[in-house]
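These numbers come from the heavy atoms of this one structure, side chains and all, not from hydrogens, waters or symmetry mates.
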Amino acid sequence: MENMNPIDENQYFVESKKAIQVVLDKEQYLAKQMPTADKLRLLKEHKESTKSPEEYEDLEKLEKELERKIRFNQLIEPAVPEEYRETLKRNAVVEKLEVDNKLNELKAELKDRIEYLENELVPLIDNIRQLEKMSKIPNQIDAILDLTIGEGAPVTANYRLQLLTQTNDETQAGEALQALSNVIKSLKKIEVPIETKGLLNFLKRGKK
């Protein structure tokens, strides 16, 4: 069975990740800007001190514009401009389908490997478990060598050997087998996505 190579995360959701980063960068840039209220205060101070009628008029226009933005709560904007929204949504759908296709491929491989676990590895570990268990039979021999039986015996051989049997059942392979069985149950819960290749090919023709 071939080794599985790790996926390249940079290969998937390229356009979507770019869009997310653009929004984060823009938000960071805006956060570093002077608050509008402070801009307005400084602008008013400068307007009162200017000697140029032309500059005064320009500053007054800017003052009214800032006051309007504050009054009508126009200091926020959509994270994604309207002209990019449809393209962004379409690209995200296409990139999601590309990931689903890769998931289909990997989960088919997973199914084969689960079958390998069940058909090859589980029986192998179980054989080891049984042999590990049997290898402790000399402990039972040591026990019966020290036992007395019959009327008035302090401990019955059956009871002493039952205690040893419980200990014999606790093997490293037995613990591994139980853990592997739990893993297999969990792996089988991973569902394969719906078939997406046809839809992906259709959307790719219109991807921008």
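In this structure, the side chain of Glu63 does not engage the main chain of Leu40 through any donor-acceptor pair within 3.5 Å. Judged purely by atom type and a 3.5 angstrom limit, Asp38 has no side-chain atom pairing as donor or acceptor with the backbone of Met34. No donor-acceptor pair under 3.5 Å is formed between the side chain of Gln11 and the backbone N or O of Ile7.
Distance check, rounded to the nearest 0.5 Å: CG of Leu59 to CG of Leu66 gives 10.5 Å. In this structure, Gln172 CD and Ile128 CD1 are separated by 10.5 Å, a value rounded to the nearest 0.5 Å. Ile141 contributes atom CD1, which lies 11.5 Å from atom CG of Asp146 (distance to the nearest 0.5 angstrom). Taking OG1 from Thr36 and CG from Leu43, the interatomic distance works out to 11.5 Å, rounded to the nearest 0.5 Å. Atom-to-atom distance recorded for Ser52:OG and Glu57:CD is 9.5 Å, nearest 0.5 angstrom. Rounding to the nearest 0.5 angstrom, the gap separating the CG atom in Leu131 from the CG atom in Asn127 is 6.5 Å.
Scanning for side chain to side chain contact (heavy atoms under 4.5 Å, CB included) contacts around Leu187 gives Leu110, Ile114, Leu117, Val183, Ile190, with sequence neighbours left out.
Note on Val80: it does not cluster hydrophobically with Leu24, by side-chain heavy-atom contacts below 4.5 Å among ILVMFWY residues. The hydrophobic clustering, which links ILVMFWY residues whose side-chain heavy atoms are closer than 4.5 Å, places Val14 and Val94 apart. The hydrophobic cluster containing Leu180 also contains Tyr116, counting ILVMFWY residues as joined when their side-chain heavy atoms lie under 4.5 angstrom apart, directly or transitively.
The pair Arg113-Glu109 counts as a salt bridge, with a side-chain nitrogen and a carboxylate oxygen less than 4.0 angstrom apart. Between Glu67 and Lys64 there is no salt bridge, since no side-chain nitrogen of the basic residue lies less than 4.0 Å from a carboxylate oxygen of the acidic one. Looking at Glu118 and Lys188, a side-chain N of the basic residue comes within less than 4.0 Å of a carboxylate O on the acidic one, giving a salt bridge. In summary, Glu60 and Lys44 do not engage in a salt bridge, as defined by a charged side-chain N under 4.0 Å from a carboxylate O. Checked for salt-bridge contact, Glu65 and Lys61 miss the test: no charged N lies under 4.0 Å from a carboxylate O.
A 6.0 Å sphere centred on OH of Tyr84 holds no more than 12 heavy atoms belonging to other residues, nucleotides or ligands. More than 12 heavy atoms of other residues, nucleotides or ligands shown are found within 6.0 angstrom of CG on Leu145. Summarising the local packing, CD of Glu27 is surrounded by 12 or fewer heavy atoms from other residues, nucleotides or ligands at distances under 6.0 Å. In Glu9, the CD atom is not crowded: 12 or fewer heavy atoms of neighbouring residues, nucleotides or ligands sit closer than 6.0 Å. The number of heavy-atom neighbours closer than 6.0 Å to NZ of Lys47, taken from other residues, nucleotides and ligands shown, is above 12. With a 6.0 Å radius and a threshold of 12 heavy atoms from other residues, nucleotides or ligands, Lys39 has its NZ atom above the threshold. Surrounding NZ of Lys17 are more than 12 heavy atoms belonging to other residues, nucleotides or ligands, all under 6.0 Å away.
Looking at heavy atoms from C-beta onward, Lys136 lies in side-chain contact with Asn139 at the 4.5 angstrom threshold. In this structure the side chain of Arg129 never reaches within 4.5 angstrom of the side chain of Met134, judged on heavy atoms. Counting heavy atoms from C-beta outward, Lys96 and Phe13 have side chains that approach closer than 4.5 Å. For the pair Leu42 and Glu45, the minimum side-chain heavy-atom distance is below 4.5 Å.
Closest of all the heavy-atom pairs between Ala143 and Leu164 is CB-CD1, 3.4 Å. Heavy-atom minimum distance, Thr171 versus Lys133: CG2-N, 4.0 Å. Minimum heavy-atom separation, Pro138 to Ser135: CD-O, 3.2 Å. Shown here for Ala157 and Leu147, the closest heavy-atom pair between the two residues is CA-CD1, 3.6 Å. Shown here for Asn73 and Ile76, the closest heavy-atom pair between the two residues is O-CG1, 4.2 Å. Minimum heavy-atom separation, Ala173 to Glu132: N-OE1, 3.1 Å.
With no hydrogens or angles considered, no side-chain donor-acceptor pair links Glu95 and Asn91 at under 3.5 Å.
Residue pairs meeting the side-chain hydrogen bond (donor to acceptor under 3.5 Å, both in side chains) criterion with at least one member in residues 175-186, sequence neighbours excluded, are Gln178-Asn182.
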Full working for side chain to side chain donor-acceptor pair (under 3.5 Å) between Gln130 and Asp126: CA-CA 6 Å; Gln130 293 187 60; Asp126 191 45; 3.2 Å; yes
